[in-house]
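Numbering starts at 1 and runs along the sequence shown.
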Amino acid sequence: MSHHIIDLQNVHYRYPDGTQALSGISFRIIHGESVGIVGANGAGKSTLLLQISGTLLPTDGSVRIGEIVLSKKTVKEIRKKIGFVFQDPDDQIFMPTVYEDVAFGPLHLGWTLENVEQSAIKALEKVNCLALKDRPPHKLSMGQKRAVSIASVIAMDPDILVMDEPSSNLDPRSRRQLIQLLKTFDHSKIIASHDLDMVLELCERTIILGEGRIAADGTTQELFSDEKLLEENGLEKPLSLQYQRLRVAK
């Protein structure tokens with residue numbers, strides 16, 4: 001399925017203030033892959049996601065989603081293929097009720113009212129939030145807001161799901177529910193996170209960023225077992241792997 005492929009070639013991005021955020025990023029993600037993007041603060045994770053979602057255009061290099069190369073002319077088409085879940089759900093949910101929020105995207109894609117309703121209900125069922133459909137979003141818990149923000153994205157049936165720090169500010173129960181939910185998705189998934197244990201559980205492949213460049217790209221288990229590599233990039237071994245080492249030592 002070529003429309004699920006993400007291909008970045010020598011992507012650079014410089015912010016208007018002169019900050020060089022990305023310097024020569026190249027990788028390819030194929031259909032069905034779940035890929036983690038990790039790195040210390042300032043490594044370029046969020047900027048990279050904004051390139052993939054079409055929110056920012058590269059200063060140099062190319063971003064291709066399926067057969068479409070990102071440009072000012074194609075950005076609207078790119079955004080139909082990418083479902084982007086923001087780090088803060090309050091930046092994403094803004095309508096008077098949960099249902100209206102989830103239906104907002106499909107409505108603006110020009111779908112029939114019948115298809116909009118079917119998609120919104122199905123998305124809310126997927127995230128176990130159908131009972132909340134008439135609630136105002138501002139009265140939801142953080143975990144519920146996160147689930148609704150995901151529903152608002154998957155209601156548009158994107159080819160690729162992109163998430164920026166999806167587990168931030170969640171309590172342990174809500175985090176576990178989120179992980180179980182994401183495991184059910186067949187989408188290609190890109191997850192940028194400081195939560196390395198979550199990335200280890202959800203993503204077979206991980207890309208480590210350091211100062212706007214790719215420091216490593218490989219299997220998550222292998223990269224997260226390399227303490228020297230993690231330390232060089234301002235990261236620590238996931239707690240689950242540390243616990244395994246302690247059990248072996250005993």
Side-chain angles (χ1 to χ4, degrees), residues 34-50 52-53 55 79 82-108 119-158 160-203 206 220 234-236 238-240:
S34 293
V35 180
I37 306 291
V38 305
N41 288 334
K45 300 187 297 299
S46 293
T47 302
L48 178 58
L49 296 191
L50 293 174
I52 294 171
S53 67
T55 305
R79 288 175 181 170
I82 301 289
F84 187 59
V85 180
F86 290 82
Q87 179 174 349
D88 186 348
D90 287 325
D91 292 336
Q92 195 160 346
I93 51 179
F94 53 87
M95 297 294 284
T97 68
V98 165
Y99 175 82
E100 289 173 286
D101 240 309
V102 177
F104 181 87
L107 272 172
H108 284 75
S119 183
I121 294 299
K122 183 179 178 181
L124 285 168
E125 288 176 338
K126 183 80 170 178
V127 301
N128 297 314
C129 288
L130 184 57
L132 304 176
K133 68 183 182 68
D134 297 320
R135 293 271 300 276
H138 70 272
K139 291 190 175 181
L140 303 180
S141 69
M142 181 58 72
Q144 290 170 329
K145 288 181 180 180
R146 180 77 66 199
V148 169
S149 69
I150 293 173
S152 70
V153 167
I154 64 174
M156 294 183 285
D157 195 26
I160 299 156
L161 198 59
V162 177
M163 289 161 281
D164 190 5
E165 298 289 354
S167 65
S168 64
N169 299 317
L170 294 185
D171 59 46
R173 181 181 180 185
S174 296
R175 176 184 174 277
R176 174 49 49 190
Q177 290 173 338
L178 172 68
I179 290 172
Q180 295 306 319
L181 171 64
L182 294 178
K183 283 182 175 181
T184 68
F185 290 158
D186 296 326
H187 302 76
S188 300
K189 296 189 288 289
I190 302 174
I191 302 173
S193 183
H194 286 103
D195 185 346
L196 298 197
D197 283 282
M198 184 189 69
V199 172
L200 182 63
E201 192 163 350
L202 290 172
C203 303
T206 290
T220 305
L235 301 168
E236 291 187 352
L239 292 175
S240 57

#### Entry: Worked check of side-chain contact (heavy atoms from CB on, under 4.5 Å) between Ile190 and Leu161
CA-CA 6 Å; Ile190 302 174; Leu161 198 59; over 6 Å; no
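- Using modelled atom types, one side-chain atom of Lys45 and one backbone atom of Ala40 make a donor-acceptor pair closer than 3.5 Å.
- For residues 138-150, every residue pair satisfying the side chain to side chain donor-acceptor pair (under 3.5 Å) rule, not counting sequence neighbours, is listed here: Asp90-Lys145, Ser141-Gln144, Arg146-Ser168.
- Residue pairs meeting the salt bridge (Lys or Arg N to Asp or Glu O under 4.0 Å) criterion with at least one member in residues 169-179, sequence neighbours excluded: Arg175-Asp195, Arg176-Glu201.
- Looking at Ser240 and Asp197, their side chains do bring a donor and an acceptor atom within 3.5 Å of each other.
- The shortest distance between side-chain heavy atoms of Val38 and Val199 falls below 4.5 Å.
- Looking at Leu202 and Ile179, their side chains come closer than 4.5 Å, going by heavy atoms from C-beta outward.
- The main-chain N or O of Phe86 is found under 3.5 Å from a side-chain atom of Gln92 such that the two form a donor-acceptor pair.
- Atom CD of Gln180 sits in a crowded spot, with more than 12 heavy atoms from other residues, nucleotides or ligands closer than 6.0 Å.
- A donor-acceptor contact shorter than 3.5 Å links the side chain of Ser53 to the backbone of Leu49.
- In terms of modelled atom types and a separation under 3.5 Å, the side chain of Ser119 and the main chain of Ala155 share a donor-acceptor contact.
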### Task
Please report the C-alpha distance between Asp134 and Val98 in whole Å, then the side-chain angles of each, then the deciding distance to 0.1 Å, and finally whether the side-chain contact (heavy atoms from CB on, under 4.5 Å) criterion is met.
CA-CA 6 Å; Asp134 297 320; Val98 165; over 6 Å; no
### Task
Might you work through the side-chain contact (heavy atoms from CB on, under 4.5 Å) test for Leu170 and Leu178, ending with a clear yes or no?
CA-CA 9 Å; Leu170 294 185; Leu178 172 68; 3.8 Å; yes
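- Ile191 has its side chain out of reach of Ile37: every pair of non-hydrogen atoms, C-beta onward, lies at least 4.5 Å apart.
- In the model, Ser46 has a side-chain atom that pairs as donor or acceptor with a side-chain atom of Asp164 under 3.5 Å.
- Within the 4.5 Å cutoff, no side-chain heavy atoms of Arg135 are placed close to those of Cys129.
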### Task
Show your working on side-chain contact (heavy atoms from CB on, under 4.5 Å) between Lys133 and Val102 and close with a plain yes or no.
CA-CA 9 Å; Lys133 68 183 182 68; Val102 177; over 6 Å; no
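- In terms of heavy atoms, Phe84 sits closest to Val153 at O-CG2, 3.5 Å.
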